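In what follows, a structure is listed as C-alpha cells, so that the remarks can point back to it.
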Amino acid sequence: MSRVGQSMPTWPVLQARGKMLAAIRRFFEARSVTEVTTPALSRSATFDAQLSSFEVSDKTNKLFLQTSPEYALKRALAVYGEALFEITPVFRRGDQGRQHNPEFTMLEWYRPGFSVSDLMAEVVALLNALPEPPEIWRAQSKRDVPVYSFRALFEQRFGVNPNEAALSSLWQWVQETGAEVGHLAPHDDDQFRSDCLDFLFLAVLQPSLDDIFFLTEFPRCQAALAEIDPGTGTAQRFELYWLGTELANGYLELRDPVAILSRHTAMAAARVNRGLPSIAFDSALAEASALMPACTGVALGIDRLVMVWLKASTLSEVQLFSWPNH
Amino acid sequence: MANYSTNEFKSGLKVLLEGDPCSIVENEFVKPGKGQAFNRVRLRNLKTGRVWERTFKSGESLEGADVMEYEMEYMYSDGEYWHFMKTDDSYEQIAADKNAVSEGIQWLKENSRCTVTLWNDVPILVVAPNFVDLDIVETDPGLKGDTATGGSKPATLSTGAIVKVPLFINIGESIRVDTRTGEYQGRSKSA
C-alpha cells in the first residue's frame with residue numbers, strides 16, 4: 001500500500017496554518033518587530049539537562065541543530081539592540097509523542113524594555129490577532145487570562161516555599177500522589193528539585209486551574225536563563241498553558257555573565273549525575289548577554305498553537321510529515 | 001532477545017517486565033515543561049491478563065520477550081494437561097497446564113479454536129474466542145411465554161461453565177456467550 005497521504009493534515013488544516021503564520025508576520029510588522037533568520041546549525045548546544053541536541057558533524061566541526069534560536073538571537077540582540085523575531089525549525093532529540101516531534105516550528109521574539117507582564121500582554125494580543133479563534137479563546141478573550149504564581153500555589157498547597165522545601169519532603173509528596181514515578185530517580189541536586197516540583201505542579205496543582213492561564217514566579221531551580229527577582233527569590237519567567245498543554249515560555253532575560261556561568265556549572269553537574277553528555281560553556285552567549293539591552297523574550301511552539309487553535313489532539317494532524325512519517 | 005528502548009515501544013511489542021512477559025498496549029511520551037521526560041506505558045501481563053501501568057525514563061529499555069501467539073484447536077484433557085494442536089497444517093501438539101488454561105478453558109469444547117500464547121515455547125495463556133456457542137446441559141425448566149420480565153436463572157453449559165440466562169431458555173438449547181464478560185448474548189444463530 002502506498003504511504004503517500006498517510007497521517008497527513010487535511011488541506012483546510014494547512015490553509016488555516018498558513019493564514020495563522022501570515023497573521024503572525026502582519027502582527028509583528030505592525031509593531032515594528034523585525035523578522036530575522038539565524039542558523040539552524042550551531043557550534044554551541046543548549047546546556048539544559050532536559051534537552052538533548054542532535055549532533056551534526058563534519059570533518060572539522062562538531063555542530064548541533066538548534067533546540068531554539070535563543071543563543072543566536074541574543075547574539076544578534078547584543079549587536080543591534082532592536083526588537084526582533086524568528087520563525088524557525090528547531091530540533092530536540094528523543095522528544096516524540098502526541099504533543100512532541102523531534103523537529104518543530106518555533107516562534108521566538110525579544111522585546112527590549114518590556115517587562116514580563118508587558119510581554120504576557122503581547123502574547124495575548126498576538127493570539128487575538130489570529131484568524132478564526134476557537135470558542136474557548138473567544139470566551140477567554142472577553143476577560144483577562146488568569147495569571148498564577150507557581151510560588152503562591154505551591155505555598156498554599158504544601159505550606160512551604162518551593163525554593164526552600166527539603167528534597168526529601170518533595171520526594172515524599174511526589175510518592176504520596178500515588179502516581180507511577182518510576183522515571184524519577186532521586187538525585188541530590190537542583191535538577192531533581194525541579195523534576196519533583198514539575199511533577200507536583202502537573203499532578204497536584206494544575207488540575208484545579210483554569211483551561212487557559214499564565215504561570216509565573218517559578219522556583220529558582222527552574223530559572224533557566226531568566227533573571228531571579230531579588231525580592232521573592234523566584235525566576236522571572238512565564239508560561240502559557242492551554243488545556244494542559246504548554247504553549248509558550250518567556251523570560252526576563254539574564255544578562256549577568258557570571259550568573260550564566262554558574263547556571264551552566266550547576267547544569268553540568270546535573271548532566272554528570274545523570275550520565276548525560278557534557279556541553280561546553282558558550283562564552284559567546286555569555287558575552288552577548290552582557291551586551292544586550294534589558295529585555296524579555298518568549299518562545300511559542302507554532303505546531304502546538306495550530307493544534308489547540310484547530311482543536312486537534314495530536315501534532316500529526318497539523319504538521320506535515322511528523323515522525324515516524326518523516 | 002534484543003532490548004527495546006522506550007522510543008521503540010509500540011502496541012503489540014512483547015517485553016519482559018518483572019520477569020513476566022508483557023504485551024505493550026499503549027505508550028505515551030510525556031515531557032513536562034522543565035522536568036524529566038518519561039514514557040507512560042500500559043502493558044498487558046500475558047501470564048495473568050492484567051494490565052499494568054508503568055512509567056519509564058525516556059531512553060530506558062526493556063528486554064524483549066520471546067512470545068508467540070498461535071491459533072490452536074483444543075483436543076482433550078487428561079486431567080492434568082490440556083492438549084492443543086496447531087491449525088497451520090503442522091499438526092504440532094502442545095500440552096498446557098492448569099495455570100495456562102486458567103479461566104479460558106471453561107469456554108472451550110473439543111475441536112473448538114482458541115489462541116494459545118507460548119513464552120519460550122511453553123504455553124502460558126489460552127484465550128477462547130470472544131464469542132462461543134455452547135449447549136445448555138442443566139437449568140430450571142423454562143417458563144413458557146415469559147419473554148419480557150427480564151428475570152434470569154443459572155444454566156450449566158456443556159463445558160461446565162455456569163452463566164445467567166433468561167427464564168425462557170431450556171436444556172438442550174445452544175446459546176452464544178461473550179467469554180470476556182461471561183454474559184449471555186442470545187440463542188445461537190445456527191441453532
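Values in this document were obtained by computation on a predicted structure and should not be read as measured data. Protein chains get the first letters and strands the later ones, always in sequence-line order, with residue 1 at the start of each.
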- Let me know if Phe218(A) has heavy atoms under 4.5 Å from chain B in its side chain, its backbone, both or neither. side chain
- Query: Within the side chain of Lys31(B), is there an N or O that forms a donor-acceptor pair under 3.5 Å with the backbone of Gln99(A)?
  - Reply: no
- Query: Counting heavy atoms not belonging to Arg263(A), are there more than 12 under 6.0 Å from its CZ?
  - Reply: yes
- Side chain from CB out, backbone as N, CA, C, O: work out which of these in Glu246(A) comes under 4.5 Å of a heavy atom of chain B, or both, or neither. side chain
- Query: Of Asp198(A), Leu184(A), Val181(A), which is the lone residue that meets side chain to side chain contact (heavy atoms under 4.5 Å, CB included) with Gln36(B)?
  - Reply: Leu184(A)
- At a heavy-atom separation under 4.5 Å, does Glu239(A) approach chain B through its side chain, its backbone, both, or neither? side chain
- For atom NZ of Lys57(B), decide whether the heavy atoms of other residues, nucleotides or ligands shown that lie under 6.0 angstrom number more than 12. no
- Query: Out of curiosity, Asn7(B) CG to Trp323(A) CH2, how far, rounded to the nearest 0.5 Å?
  - Reply: 9.5 Å
- Item | Which atoms of Leu197(A) approach chain B - backbone, side chain, both or neither, heavy atom under 4.5 Å | neither
- Item | Atom CG of Asp188(A): over 12 foreign heavy atoms under 6.0 Å | no
- Answer with side chain, backbone, both or neither: which region of Arg237(A) has an atom nearer than 4.5 Å to a non-hydrogen atom of chain B? side chain
- Message: Could you go through His100(A) and Phe29(B), starting from their C-alpha distance and side-chain angles, then the distance that decides it, and tell me whether this counts as side-chain contact (heavy atoms from CB on, under 4.5 Å)?
- Response: CA-CA 8 Å; His100(A) 294 83; Phe29(B) 176 82; 3.5 Å; yes
- Above 12 or not: heavy atoms from other molecules or residues under 6.0 Å from CD of Glu103(B)? no
- Message: Would you compute the distance between atom CZ of Arg98(A) and atom CG of Asn27(B) and round it to the nearest 0.5 angstrom?
- Response: 12.5 Å
- Query: Is the number of heavy atoms from other residues, nucleotides or ligands within 6.0 Å of CD (Glu138(B)) greater than 12?
  - Reply: no
- Query: Once you round to the nearest 0.5 Å, how far does OG of Ser58(B) lie from CZ of Arg93(A)?
  - Reply: 12.5 Å
- Around Tyr148(A), counting heavy atoms of other residues, nucleotides and ligands shown, do more than 12 lie under 6.0 Å from its OH? yes
- Message: How about NZ on Lys109(B), more than 12 heavy atoms from neighbouring residues, nucleotides or ligands closer than 6.0 Å, or not?
- Response: yes
- Item | Contact origin within Glu28(B) toward chain A - heavy atom pairs under 4.5 Å | side chain
- Can you check whether Phe56(B) and His183(A) have ring centres sitting under 6.0 Å from each other? no
